[in-house]
Every structure is written in C-alpha cells, then in structure tokens.
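Here the structure is laid out as structure tokens; the discussion comes afterwards.
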Amino acid sequence: MLKAVILIGGPQKGTRFRPLSFEVPKPLFPVAGVPMLQHHIEACSKLPNMKEILLIGFYQPNEELNRFLSCAQQDYKISIRYLQEYAALGTGGGIYHFRDQILSGGPEAFFVMNADVCSEFPLPEMLDFQKEHGDSYSFIILGTTANRKQSLNYGCIVENEKSDEVLHYVEKPGTFVSDIINCGIYLFTPEIFQHIGEVFQKNQQDMLLEEQSNGWHRAEVIRLEQDIFTALAGQGKLYVYKTDRFWSQIKSAGSAIYASRLYLNQYHKTHPERLATNTDGGPKTRGNVYIHPTANIDPTAVLGPNVSIGTGVTIGAGVRVRESIILHGATLQDHSCVLNSIVGWGSTIGKWARVEGTPSDPNPNDPYAKIDSETLFRDGKLTPSITILGCNVNIPSEVIILNSIVLPHKDLNRSFKNQIIL
C-alpha cells in the first residue's frame, strides 16, 4: 500500500506570488483551469494501491481549502486529509511531526512532493526504479537536467552514472556542482524517519546546550534537503531517478503562466475534453485554450495560445487574449487586448484598453533551460515581467497597462508602465 504527502507551506510562504496569494492560498491558485494541487492529486490517485493523500502545511483550515478537499475526495474517490502544523517546521519537520499519521495502516512506501512544482509526475516510473534497486531501504529523488548557470538556484545532485546513486547533494551551491537538479518529488520508505529522528535528537541536544527558551520548537524545524539529503548522500541509500519530461517550479506569478502552458499541452493526452475547440457561434481559439463552461464569450473574440478562462468570466466583442490567465468573474469589455497577463478575480478591463506584460519564459533554444525566478527589482528598476491585476481592479477605457503589478481593489484612471501600483 502507498500514501502520498503534499507539502503546501503556509501564508508566510509564497510571498513572491503576491498579490494573487492574498485572495486564495497559493496551492489552490488555478493553473490550466484547475487548482495547482489538483494536478498532484490526480497523478497520485492513478496509482493502483494509493490509499491516502495527506496535505501538510500551516494554513488555518479555511472554507476554500475544505471545499477543495471534499470535492477532490469525491472526484478521485480517495481519502484526502489536511494536517495542520502549529508552525513552519520545514520540509522534513512537517512529515516527522505527523509520522504516525503517515505510517498508520502500514504503507510500504510514500511519496512526498512540494505543492509548487508542475510536472508530468512520473510516479509509476519512480516505483519501478525503486524496485529495480531491490533495496527496500532506498530513497528516491526525482531529478532533471538544468543548464549550468541555472542549476545554482536549485538543489544539485552528483550521481554515480552507473548505479544512479546520489554521491553528493548541495542545496543552492555558490559555484557549479552538477547540472542534475532536485525536482521536489521524492519516494521514501518508512526508514526515512530514523534518519530524520537522528537529526531531531541532535537538534534537541544542541538546544539543551544553548538552553534556548523556545528550544523545543526549534528542534522540530528540519529541512529535508540540507539536513537529510546532504547527510545521506554517498551512503548507498539515496538514488536519483532522472526524468526528461516537463518540470517547472511555480514560485512567482509569472511562472504560473508558463506552468499553465505545460499542463494545457499535456491535456492533449490526458484531458482532451478540457481544451476548447473552434465551433460555430463560439469564440475563435488558436492553440491550447481552457474555457470554463460558465464563461460568457462573444463569438468575435480571439483567444490563445495558452489561455485559461475561469468561472463566470465575461468577454466582449473583438477581444484578443494571449498567454494569459483570466480569473473567476473578470470582465473584458469590447475590443480590449490582454497579453502575457493574469487578470484577477472580479476585475474589469474597459473598452479598447490594453493590458500587457513581458513573458519570463525559459530560453527556447536551450532544451535544459528552466524558468528564472526573477527578483522583482534589478539595479533599482522593476524587472519587466508579466502584468498582474489583483482582485477587483478596474481599468478604464482606452488606457495601456504595461509590465505592472496592480494591488487589489484599485480603480485606475490613466495608463501605467513598469510600476507597482499600491
């Protein structure tokens, strides 16, 4: 029997995702028309003996999370529970804190995955790979190849090329270590808790020596990557399964548009019914487009490629949308144009207005390029990126909003470019 754990973080995390994470917990942000987490849950539910999926994080249980969980349980007919940490315990501390819940029922192995990755989730292949290694004590990291410069932003894995054993693991190294990077998706056996327990005990002893008043809390903060993998590497217990299928991180709002493109492309194989087709009386679509059935779209609008339209969106005549995510309840009035942007919940774009951003895509000529999680500012200037409108933003007619981030509940009255509008 198998289980899966998805680490969803909490409200203090995902700050680079603002202003979108103000309205909805980042793991529930819709990517290619469905909440980010649903892609993980679907991949897990396809495994034949998957018994339970546990979400671990420190969000307060809220209406939206509960509704998502109950819908997902019914859709995928699998037990899904949310376990709330009392504080941010790190990637290893969270699973160690809830180890009894994970081990109840006696799973032979369990997956652990970060919520903010988008992937084809080669979970069956990781299971086969673990069996091939024959050792039930082996732990598997999903890895992929990055280019030399970008590998420094990730956990880097040096492997034995014959056996795929991880010989050396460094999280975000200062200089080049390896072009194989950690994808944030792991397959563990229950033995992993012995190794995390050793770190926990060592932390406790260090605390006693320091006699910190909040020592107990600090001992429980354990990072899988720095505290566990670095120590396990080279001991014949940690292996890397390399995938050449798509994978990307979703750290910033800009990377959500790229992730949306990867998933929409995958829908040809997995969910062709989610892709819009050109029909008489319907809008013109080019490339991959997801349109929620409740959206109301004028037949003269042109959408795509890489567009997803949320629930209850209204799109007027002659509107052009490309490489964008239009969230629930937004209105795009006649002849407006939206390119490389995310339009927030309930926002309105006036007639003949133009909302445009700069895509932050990986270099298309480099097969190993990943998306750069750009800093907001570079050399004191705002880095040109996709345009984001928070919820309930009103853009008047005949203005241009270019490479800007607009915080929620703003009524703009003129054009802006390269600004954060607070």
Side-chain angles (χ1 to χ4, degrees), residues 8-31 33 35-37 59-60 62-65 67-68 116 250-257 259-260 292 294-295 307-315 319 321 323-333 336-351 353-358 360 373-377 382-397 399-422:
I8 66 172
Q12 294 91 321
K13 303 283 182 223
T15 50
R16 283 179 277 184
F17 212 72
R18 291 177 183 164
L20 300 168
S21 53
F22 289 147
E23 307 312 313
V24 50
K26 179 179 157 185
L28 298 184
F29 183 80
V31 176
M36 201 186 286
L37 272 179
Y59 286 101
Q60 292 297 330
N62 57 38
E63 172 70 21
E64 262 181 304
L65 197 56
R67 200 170 44 229
F68 169 72
D116 60 357
I250 310 179
K251 289 292 186 201
S252 64
S255 51
I257 291 186
S260 200
H292 193 273
T294 58
V307 167
S308 58
I309 308 284
T311 49
V313 167
T314 305
I315 294 186
V319 171
V321 185
E323 297 282 341
S324 296
I325 296 175
I326 313 296
L327 295 164
H328 153 93
T331 302
L332 277 49
Q333 293 179 357
S336 55
C337 177
V338 177
L339 314 170
N340 303 306
S341 301
I342 295 179
V343 177
W345 300 267
S347 290
T348 302
I349 296 176
K351 296 181 179 182
R354 184 181 181 94
V355 175
E356 183 174 359
T358 302
S360 48
S373 39
E374 280 285 358
T375 50
L376 217 45
F377 295 94
L382 186 63
T383 318
S385 71
I386 70 153
T387 287
I388 301 163
L389 308 184
C391 75
N392 299 315
V393 167
N394 282 323
I395 306 286
S397 298
V399 301
I400 295 181
I401 308 293
L402 191 63
N403 299 341
S404 295
I405 296 172
V406 185
L407 266 71
H409 308 290
K410 295 280 168 283
D411 283 344
L412 304 188
N413 52 12
R414 62 179 180 85
S415 296
F416 288 92
K417 69 173 191 184
N418 304 324
Q419 286 189 45
I420 297 179
I421 301 159
L422 301 167

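As the structure is a prediction and not an experimental result, all values here were calculated from the model.
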For a 4.5 angstrom cut-off between non-hydrogen side-chain atoms, does Val338 reach Leu332? yes
Taking the six-membered ring of Phe22 (Phe, Tyr or Trp), confirm whether the NZ or CZ of Arg18 is under 6.0 Å from its centre and within 45° of its axis. no
Is the closest side-chain heavy-atom distance between Thr358 and Ile386 below 4.5 Å? no
At their closest point, which heavy atom of Tyr59 faces which heavy atom of Lys26, and how far apart are they? OH-N, 3.6 Å
Distance-only polar pair, side chains of Thr311 and His328, donor-acceptor under 3.5 Å: yes
Contact between Thr294 and Val313 at the side-chain level, heavy atoms closer than 4.5 Å - yes or no? no
Would you call Ile326 and Val321 a side-chain contact if the rule is heavy atoms closer than 4.5 Å? yes
State which residues pass side chain to side chain contact (heavy atoms under 4.5 Å, CB included) with Asn392; sequence neighbours excluded, sorted by chain then number. His409
Working to the nearest 0.5 Å, report the span between CG of Leu422 and CG of Leu407. 5.5 Å
Go through the steps to decide whether Leu37 and Ile8 satisfy the test side chain to side chain contact (heavy atoms under 4.5 Å, CB included), and finish with yes or no. CA-CA 9 Å; Leu37 272 179; Ile8 66 172; 3.8 Å; yes
If we only count heavy atoms from C-beta on, is the Ile400 to Phe416 side-chain gap below 4.5 Å? no
Restricting to non-hydrogen atoms, name the atom on Val307 and the atom on Glu323 that form the minimum distance, rounded to 0.1 Å. CG2-N, 3.7 Å
Atom pair CD1/CD1 of Ile309 and Ile325 - distance to nearest 0.5 Å: 10.0 Å
Any donor-acceptor pair under 3.5 Å from Thr387 side chain to Asn403 backbone: yes
Gly350 versus Gln333, closest heavy-atom pair with distance: CA-OE1, 3.4 Å
Glu64 vs Val24 side-chain heavy atoms within contact, under 4.5 Å: yes
Between OG of Ser255 and CZ of Phe17, what distance do you get to the nearest 0.5 Å? 6.5 Å
Heavy atoms of other groups near Lys351 NZ, more than 12 under 6.0 Å: no
Looking at OG of Ser336 and CD1 of Ile315, how far apart are the two atoms once the value is rounded to the nearest 0.5 Å? 8.0 Å
Compare every heavy atom of Ser324 with every heavy atom of Leu339, then report the nearest pair and how far apart it is. C-OG, 3.7 Å
With a 4.5 Å limit on heavy-atom distance, are the side chains of Met36 and Ile250 in contact? yes
Heavy-atom closest pair (Leu412 atom, Pro396 atom, distance to 0.1 Å) is O-CD, 3.1 Å
Taking C-beta and beyond as the side chain, do Pro19 and Ile405 meet within less than 4.5 Å on heavy atoms? yes
Find the distance between CG (Leu327) and CG (Leu20) and round it off to the nearest 0.5 Å. 7.0 Å
Out of curiosity, Ile388 CD1 to Ile257 CD1, how far, rounded to the nearest 0.5 Å? 8.0 Å
Heavy-atom pair of closest approach, residues Ala253 and Ile342: O-CD1, 3.6 Å
